[in-house]
Structures are given as structure tokens and as C-alpha cells.
Amino acid sequence: MIEMQDVYKTYPNGVMALSGINVRIKQGEFVYVVGPSGAGKSTFIKMMYREEKPTSGSIMINGVNLAKLKDSKVPLLRRHIGVVFQDFKLLPKLTVYENVAFALEVIEESPKNIKKRVMEVLDLVGLKHKARFYPDELSGGEQQRVSIARSIVNSPKIVIADEPTGNLDPDTSWGIMDLFEEINNRGTTIVMATHNREIVNTIKKRVIAIENGKIVRDEARGEYGYDS
Ligand SMILES: Nc1ncnc2c1ncn2[C@@H]1O[C@H](COP(=O)(O)OP(=O)(O)OP(=O)(O)O)[C@@H](O)[C@H]1O
Ligand SMILES: [Mg+2]
């Protein structure tokens, strides 16, 4: 369902961040993307939600080539792919409830159904009782749970996360991983860039290692494999 063919990415400053990437990720897979700093993990991930376009090559997601997707179609794509960031990216002036509702694709939905769906995902992440709180009234782990709720509110088939536990302490990180596993168990594909060796080596999943813009390893139940 996600397929990259011969993907190259050179940034305008001349840095070649990805070269010759070929990968296929099936619906329902859970994939870690690992590798040294500057290897190209975030660039790889950004290709999948069209934050960046490849310089050449194709990225097919459910039959759509993101390399050729019109800019005007990008918002529609984003509603079908949940994205979670290291720094949460919540809107500070909106409540928890509003942050999640804001992301909801509202097509002929009654206010009652919208509320039902938002509260459903807040319940899943364990934050129903904080629906009226503002982001700065929450801990880092709680903020990340809100951003996960936001990422799944439209029931996307894919959730992409770039170092979602990067700003969190170990205990909180395990809680966040439980959530991702729960979402994956419901059939959602997860692609997650991470530097968290312990998580990768404990919750065994497919591991794609990127170094110098190339995939150097791709294992079904892989290890983190770096010393630091
Ligand atoms: N917008 C940009 N413009 C120019 N160069 C960039 C840009 N974004 C990333 N790069 C460069 O592309 C390369 C890959 O960067 P990328 O952010 O994908 O690495 P990464 O593996 O995610 O690293 P980290 O683990 O530190 O997050 C690096 O050399 C980086 O400096
Ligand atoms: Mg990165």
C-alpha cells in the first residue's frame, strides 16, 4: 500500500538526503525507521505525507503517486494519513477537545456525531477527562497522547510518526508505544522513525535502517543495531 521506487531527494542546498530508495510496506505493518542523525529518516518520512517531494522516483500510496499529486490535493491526502511529531504541534489556543475536533474531516456529520468521535479517540488515549484543558496545562506525555488522538480521529489507514517519544521520559514513552500498538492492532499501518534502542529491541517489529540516504537493512523482526 506504500511503495517507493527509485526515490532520490536532493534539497535545494545540494544535500542529497535520499538516494535509490526502494521499499514496499503492506497494510497493517508496523515499521521502525532507524539510523544515525542526518541519515535521511525524517526526509524518508516526509515523502509519505508529501511534506517533501522526491527529486525523482515515485511514491505510491493506495494507488496515488505522491510525486505527481497536485498541491491542491495535499490537504485531502493528509486527512487520510495521521502524522505525529516529536514536538506534538498542538494549537496552544485550542482546548484538547478542539485540537482533535479541528483535525476531523467534517462531511455531513452532525455535531452529535463529531462529539461522539472526538470523545471516542480521547477515551482511547485516556484523556477524556482533560477534554477542556489547554495544551500548556498538560504533561509532555499527555500532549503526545492528544496529538495521537488527533492523528487517528479521521480513522486513517496509515499513521506516520517522526520520533514520537523523542521528548519523553522512558516510562511515558512505553505508554505511548502501547497506544501505537493498540492502533496497529486495529489494522492501521504505522511507520515510525526512532532513536529509541530499547523500544525497538523490546517491541519487535520490522526495522528499516537508513544510512547516508540509503536503506542498508530491512528486517522483519529487526534490532536497533547501533551503539548509541
Ligand atoms: N530542508 C532541508 N534543506 C536542506 N537540507 C536538509 C533539509 N532537511 C534535511 N536536510 C539534510 O538532509 C539530510 C537528512 O536529514 P534528515 O532530517 O532526513 O535526517 P534524520 O535521519 O531525520 O536525522 P535525525 O536523526 O537527526 O533527525 C541531512 O544532511 C540534513 O542536513
Ligand atoms: Mg529526523
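In each ligand, atom 1 is the first atom listed, and ligand 1 is the first ligand listed. Note that the coordinates shown come from a computational prediction; the quantities given were computed from them, not determined experimentally.
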Has the side chain of [X] got a donor or acceptor atom that lies under 3.5 Å from a matching backbone atom of [Y]?
X: R50; Y: L69; result: yes
X: D6; Y: G20; result: no
X: E98; Y: T95; result: yes

Heavy-atom pair with the smallest gap, counting every atom of [X] and [Y]:
X: E198; Y: T202; result: O-OG1, 2.6 Å
X: M48; Y: I61; result: O-CD1, 3.3 Å
X: E211; Y: P36; result: CG-CD, 3.8 Å

Atom 9 (C) of ligand 1: nearest protein contact (heavy atom, Å):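 Protein heavy atom at minimum distance: Y11 CE1, 3.4 Å.
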
Protein contact of atom 4 (C) of ligand 1 - nearest heavy atom, named by residue and atom, plus distance: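 Result for atom 4 (C) of ligand 1: N13 ND2, 3.1 Å.
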
Proximity to ligand 1 by part of E163, non-hydrogen separation under 4.0 Å: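 Side chain only.
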
A193 contact mode with ligand 1 (heavy-atom cut-off under 4.0 Å): neither

Nearest protein heavy atom under 4.0 Å from atom 6 (C) of ligand 1, yes or no: yes

Heavy-atom protein contact below 4.0 Å for atom 18 (O) of ligand 1: yes

Heavy-atom nearest neighbour of atom 21 (O) of ligand 1 within options M16, K46, K41, K9: K41

Identity of the nearest option to atom 28 (C) of ligand 1, non-hydrogen atoms only, from G38, G40, S37: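 The nearest heavy atom belongs to G38.
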
Within-4.5 Å side-chain heavy-atom neighbours: Y97 and R132: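 Side chain of Y97 against side chain of R132, heavy atoms only: no contact under 4.5 Å found.
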
Polar contact flag for G35 and ligand 1 (N/O pairs, less than 3.5 Å):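 No, since none of the N or O atoms of G35 sits under 3.5 Å from an N or O of ligand 1.
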
Sub-3.5 Å N/O-N/O distance, A39 and ligand 1: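 So ligand 1 has an N or O lying under 3.5 Å from an N or O of A39.
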
Which of the numbered atoms in ligand 1 are below 4.0 angstrom from a heavy atom of [X]?
X: S42; result: 17 (O), 18 (O), 20 (P), 22 (O), 27 (O)
X: V15; result: 11 (C), 12 (O), 29 (O)
X: P36; result: 21 (O)
X: T43; result: 14 (C), 15 (O), 16 (P), 18 (O)

Heavy atom of H195, distance to ligand 1 below 4.0 Å: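 Flag set, H195 near ligand 1.
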
Check against salt bridge (charged side-chain N to carboxylate O under 4.0 Å, His left out), E219 and K205: CA-CA 8 Å; E219 296 164 343; K205 305 286 180 190; over 6 Å; no

Greater than 12 external heavy atoms within 6.0 Å of R217's CZ: yes

2.8 Å cut-off met by an N, O or S atom of S42 to the Mg ion (ligand 2): yes

Y11 six-ring centre to K9 NZ/CZ under 6.0 Å and within 45° of normal: yes

